[in-house]
Structures are given as C-alpha cells and as structure tokens.
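Inspection log for the structure reproduced underneath, given as structure tokens.
Residues: numbered from 1 along the sequence shown.
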Amino acid sequence: MNIQFYGNCISHAMQSIFPKIGYTAEHIKNRSKGMVAVEQQNRFRGELLVGDLMHMVSGIAGFTEKSITVHHKLYNSATEKLSYESLVTALHFDMQKRKVVAFDEKTLSKLQSLKLQEEVSL
C-alpha cells in the first residue's frame, strides 16, 4: 500500500473517534466547533498488501484544554501484526472565529474517561 492509503485510514479513524467525545456531525455543524490536525508522527512496522484484511485500534493518548492527541494502530487482521501506527495532534477550533478555543468541561471529562492508561511513544 502507498502512503496515501495509510493517510486515508487515519482520516477515517479520526472521524470515528470524534463522536466518542460528543463531536458528531450535527454537533460540529450546530456549534461551529471542530478539530484541525496540526501534527502527525508515523511509523511503518510491516507491509500491507492489496487484499489484506486489516483493522484499526485508536485511543486518546493525551489532551490539554485545547488539544487532543490520538494514537492509531493499524493491524494486519490475518496475522495480528502491527503494520502502521500514528500519533495525531489536533486543536479544538472555532470555525466562525477562526481561532483555537478551549474544550468545555463536559468534553474534558469525556476525554479523561477515554484516555489510554499506557504511555504512548513512536
């Protein structure tokens, strides 16, 4: 697979994790608040080939009052071997004011409850 494929997998995984913290498409549209990715670190661990079955495991690696860092791991489902992992940091963004803003207390509480227990580094 090429780098574009892995990037697309991460993009889909990020979209899947946002509803877990309350950021559904409706929430984003109604409140004009969303996320903007500002940093991504990647490690290729093993090759995936066209036709391989795969699955992604994602979790909140860390957060601040204005940012989240998400750890994604892409596995070859047949072998259970880690093929690729990524750490993505995104900022909470007010799309009307065009600036970074703090999360509300409810979101911070959800982030805390979803935070991975283990330390993550690539």
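Considering all non-hydrogen atoms of both residues, V57 and H55 come closest at CG2-CD2, 4.1 Å. Here the shortest heavy-atom pairing between S83 and N76 reads OG-N, 3.7 Å.
A search for side-chain contact (heavy atoms from CB on, under 4.5 Å) contacts involving H12 returns N8, not counting sequence neighbours. Remark: F93 pairs with no residue by the ring-ring contact (aromatic ring centres under 6.0 Å, His included) rule, at least two apart or across chains. Residues forming a side chain to side chain donor-acceptor pair (under 3.5 Å) with E39 (at least two apart in sequence, or on another chain): Q41. Under the rule for a side-chain contact (heavy atoms from CB on, under 4.5 Å), the partners of K73 that lie at least two apart in sequence or sit in another chain are H71, Y75, L82, E85. Checked against side-chain contact (heavy atoms from CB on, under 4.5 Å), N30 has the following partners two or more places apart in sequence or in another chain: E26.
Counting heavy atoms from C-beta outward, I28 and M95 have side chains that approach closer than 4.5 Å.
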Chi angles and distances behind the side-chain contact (heavy atoms from CB on, under 4.5 Å) call for C9, M56: CA-CA 8 Å; C9 288; M56 180 83 72; 3.7 Å; yes
Residues F18, I68; criterion side-chain contact (heavy atoms from CB on, under 4.5 Å); working and verdict: CA-CA 10 Å; F18 291 149; I68 63 171; 3.9 Å; yes
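Atom CD1 of I60 is separated from atom CD1 of I17 by 4.0 Å, given to the nearest 0.5 angstrom.
If you run side-chain hydrogen bond (donor to acceptor under 3.5 Å, both in side chains) between Y23 and each of R31, K33, H92, only H92 comes through.
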N/O donor to acceptor pairs below 3.5 angstrom from side-chain atoms of residues 97-105, sequence neighbours left out:
| from | atom 1 | to | atom 2 | distance (Å) |
| --- | --- | --- | --- | --- |
| D104 | OD1 | K106 | N | 3.3 |
| D104 | OD1 | T107 | N | 2.7 |
| D104 | OD1 | T107 | OG1 | 2.8 |

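Applying the 6.0 Å contact sphere to CZ of R45 captures more than 12 heavy atoms from other residues, nucleotides or ligands. More than 12 heavy atoms of other residues, nucleotides or ligands lie within 6.0 Å of CD in E80, so this atom counts as buried by the packing criterion.
Side-chain contact annotation: Y6 with H72, donor-acceptor N/O pair under 3.5 Å absent.
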